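In what follows, a structure is listed as structure tokens, so that the remarks can point back to it.
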Amino acid sequence: MRRVALHGVRYLGLALLLVMANQALAAEVNWPRMTDSADGVPIAYEVQGSGEPTLVFIHGWSGDGRHWRGQLPYFSQNHRVITLDLAGHGHSGLGRDAYTMPAFGEDVKAVMDDLEVERAILIGHSMGGPVSVEAARLMPERVIGIVGVDTFHHLASEISQEQRDQMLEPLQEDFAPAASQFVASMFIDSTDSELRDWVMHDIAAAPPEVAISAMDDLLSRHTDGEAARHFEELTIQVVAINADLWPTDIEANRQLQPEFRAVIIEESDHFLHMAKPEAFNHELERIIGTPP
């Protein structure tokens, strides 16, 4: 009887240890979260780390939050870091009539509302730059700065309706190969081929209706001057970390934003935060540490 009792105690003790271990493991798992945007579309996001200001990383055209994997471990050591999938991207919902920059701005606001973020710096890659501008216009008291990543090259530049149509036509005719070719032109030869191939295939696999709608809106803002007007309205510091693949017209942007600054990372391409994460992280940390 005594041996049975001892075995029972040991079994109970082991069971309690297993329960405690499972609870501890569950507490460590940082599951993605969901919240609804202004139009009811569910937005997926993840949050890591702690510390202010909060850093909100916004992906580019047909990407998603995975594109910031080179930044999360680094910046979550000292900041609360948020990555999100804009509507129609990654694990976020579909069903939106038009995928526009203002609607994407609402997605960012929904995530910040859900987490009750009071002070944030928005870091937007490519299309994520204009999305950051729209989000900042919605939350001027909560967004304290914007860092564009290979974007804001020349905000005052305008394109014609014909140029816009020419850029959209290949995507409308056969999206996947056109998107793959379009993305391929954004890399330099020295970039890791596996990264290049992954990004090309990842973006080419995006929902065509989402990608074309977003590109249409993005280009249209440069046909009517809206991109420049919204950029000019900002009252916060805007800095760009750009590649040297395309020129950045700092002086032209300063006609809209006198305090605009740009850091150019040499021998890099459009996906510089993925291709050169150490160099990019160093520059971003330096910018974040600079008082506004």
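Just so you know, these numbers come straight off a predicted model, no measurement behind them. Note that these values count all heavy atoms, side chains included, but never hydrogens, waters or copies made by symmetry.
Side chain of Gln77 to main chain of Tyr74: a donor-acceptor pair is present (N/O by atom type, distance under 3.5 Å, no hydrogens or angles). The closest donor-acceptor contact from the side chain of Ser92 to the backbone of Gly88 lies at 3.5 Å or more, if one exists at all. Between the side chain of Ser213 and the main chain of Val210, no donor-acceptor pair closer than 3.5 Å is present. Remark: side-chain polar atoms of Gln163 are paired, donor with acceptor, to backbone N or O of Ser160 under 3.5 angstrom. Panel note: side chain His230, backbone Val133; no donor-acceptor pair is recorded below 3.5 Å. Between the side chain of Ser180 and the backbone N or O of Ala176 there is no donor-acceptor pair closer than 3.5 Å. Judged by distance alone, the side chain of Asp85 and the main-chain N or O of Gly65 form a donor-acceptor pair under 3.5 Å. Of the possible polar contacts, none joining the Trp246 side chain to the His153 backbone as a donor-acceptor pair under 3.5 Å is found. Asp107 places no side-chain N or O within donor-acceptor distance of the main-chain N or O of Ser37, the cut-off being under 3.5 Å. A donor-acceptor pair is defined here as one N or O able to donate and one able to accept, closer than 3.5 Å; such a pair exists between the side chain of Asn253 and the backbone of Phe152.
Inspection of the Asn281 and Gln71 side chains reveals an N or O donor paired with an N or O acceptor under 3.5 Å.
Residues Ala136 and Ile236 come closest through the heavy atom pair CB-CD1, 4.0 Å. Closest non-hydrogen pair, Ala110 versus Asp36, comes out as CB-O, 3.4 Å. Considering every non-hydrogen atom in both Pro277 and Gly70, the closest pair reads CB-O, 4.1 Å. Smallest separation of non-hydrogen atoms from Leu245 and Ser185: CD2-O, 4.3 Å. For the pair Gly124 and Thr151, the tightest heavy-atom approach, listed with the atom from each and the gap, is O-CG2, 3.8 Å. For the residue pair Val56 and Ala120, the shortest heavy atom distance occurs at CG2-CB, 4.2 Å.
Placement of Met200 and Met167 within a single hydrophobic cluster is found when ILVMFWY residues are connected by side-chain heavy-atom separations under 4.5 Å, directly or transitively. Linking ILVMFWY residues whenever their side-chain heavy atoms come closer than 4.5 Å, directly or via other members, places Leu72 and Ile121 in the same cluster. Residues Ile287 and Val149 share a single hydrophobic cluster, defined by chaining ILVMFWY side chains whose heavy atoms lie under 4.5 Å apart. Transitive grouping of hydrophobic side chains (ILVMFWY, heavy atoms separated by less than 4.5 Å) brings Leu138 and Phe231 into a common cluster. Leu55 and Val239 fall within a single hydrophobic cluster, where Ile, Leu, Val, Met, Phe, Trp and Tyr are joined by side-chain heavy atoms under 4.5 Å apart, directly or via other members.
Put simply, CD on Glu134 and OG on Ser132 are 10.0 Å apart, with the number rounded to the nearest 0.5 Å. Taking OG1 of Thr191 as the start and CG of Asp197 as the end, the distance is 11.5 Å to the nearest 0.5 Å. Atom CE of Met186 is separated from atom OG of Ser126 by 6.0 Å, given to the nearest 0.5 angstrom. Within the model, atoms CD of Gln255 and NE2 of His154 stand 9.5 Å from one another, a figure rounded to the nearest 0.5 Å. The CE atom of Met101 lies 4.5 Å from the CG atom of Asp217; values are rounded to the nearest 0.5 Å. Atom-to-atom distance recorded for Asp113:CG and Glu106:CD is 9.0 Å, nearest 0.5 angstrom.
Counting non-hydrogen atoms of neighbouring residues, nucleotides and ligands closer than 6.0 angstrom, the CD atom of Glu118 reaches no more than 12 such neighbours. Enclosure of atom CD in Glu162 is not indicated, since only 12 or fewer non-hydrogen atoms of other residues, nucleotides or ligands lie within 6.0 angstrom. By the neighbour-count criterion of 12 heavy atoms within 6.0 Å, atom CD of Glu209 is densely surrounded, having more than that number from other residues, nucleotides or ligands. More than 12 heavy atoms of other residues, nucleotides or ligands lie within 6.0 Å of CD in Glu233, so this atom counts as buried by the packing criterion. Applying the 6.0 Å contact sphere to CD of Gln181 captures no more than 12 heavy atoms from other residues, nucleotides or ligands.
Salt-bridge check for Arg33 with Asp114: failed, with every basic side-chain N at 4.0 Å or more from each acidic carboxylate O. Salt bridge status for Asp269 with Lys276: absent, with no side-chain N to carboxylate O gap under 4.0 Å.
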For Leu84 and Phe57: C-alpha separation, side-chain torsions, deciding distance, then whether side chain to side chain contact (heavy atoms under 4.5 Å, CB included) applies. CA-CA 7 Å; Leu84 69 148; Phe57 288 87; over 6 Å; no

Assess whether side chain to side chain contact (heavy atoms under 4.5 Å, CB included) is satisfied between Val41 and Leu94, documenting all intermediate values. CA-CA 7 Å; Val41 173; Leu94 295 161; over 6 Å; no

Starting from the C-alpha separation in whole Å, work towards a yes-or-no answer on salt bridge (Lys or Arg N to Asp or Glu O under 4.0 Å) for Arg229 and Glu232. CA-CA 5 Å; Arg229 290 195 302 272; Glu232 189 174 23; over 6 Å; no

Working for side chain to side chain contact (heavy atoms under 4.5 Å, CB included), residues Arg137 and Leu234: CA-CA 7 Å; Arg137 295 177 74 242; Leu234 293 175; 4.3 Å; yes

The test is side chain to side chain contact (heavy atoms under 4.5 Å, CB included); show your working for Val81 and Val47 and say whether it passes. CA-CA 6 Å; Val81 173; Val47 56; over 6 Å; no

Show your working on salt bridge (Lys or Arg N to Asp or Glu O under 4.0 Å) between Asp202 and Arg66 and close with a plain yes or no. CA-CA 11 Å; Asp202 186 51; Arg66 295 172 302 162; 2.5 Å; yes

Derivation of the ring-ring contact (aromatic ring centres under 6.0 Å, His included) call for His125 and His67: CA-CA 9 Å; His125 173 240; His67 287 207; 7.4 Å; no

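Here the two rings, on His91 and Tyr45, have centers that are 6.0 Å apart or farther. Ring-centre distance between Trp68 and His273: below the 6.0 Å cut-off.
Contact annotation: the side chain of Val263 never approaches that of Asn242 to less than 4.5 Å [non-hydrogen atoms, C-beta and beyond]. Leu284 places a side-chain heavy atom less than 4.5 Å from the side chain of Phe75. Taking 4.5 Å as the limit, every side-chain heavy atom of Met34 sits out of range of all side-chain heavy atoms of Ile43. Contact annotation: the side chain of Ile58 never approaches that of Ile123 to less than 4.5 Å [non-hydrogen atoms, C-beta and beyond]. Between Met127 and Leu86 the shortest side-chain heavy-atom distance falls below 4.5 Å. Within the 4.5 Å cutoff, no side-chain heavy atoms of Ile241 are placed close to those of Asp150. Counting heavy atoms from C-beta on, the side chains of His79 and Thr54 never come closer than 4.5 Å. In this structure the side chain of Leu171 reaches within 4.5 angstrom of the side chain of Met215, judged on heavy atoms.
Considering Tyr99, Phe104, Trp61 in turn, Phe104 is the only one that fulfils the ring pair (Phe, Tyr, Trp, His ring centres under 6.0 Å) rule with His89.
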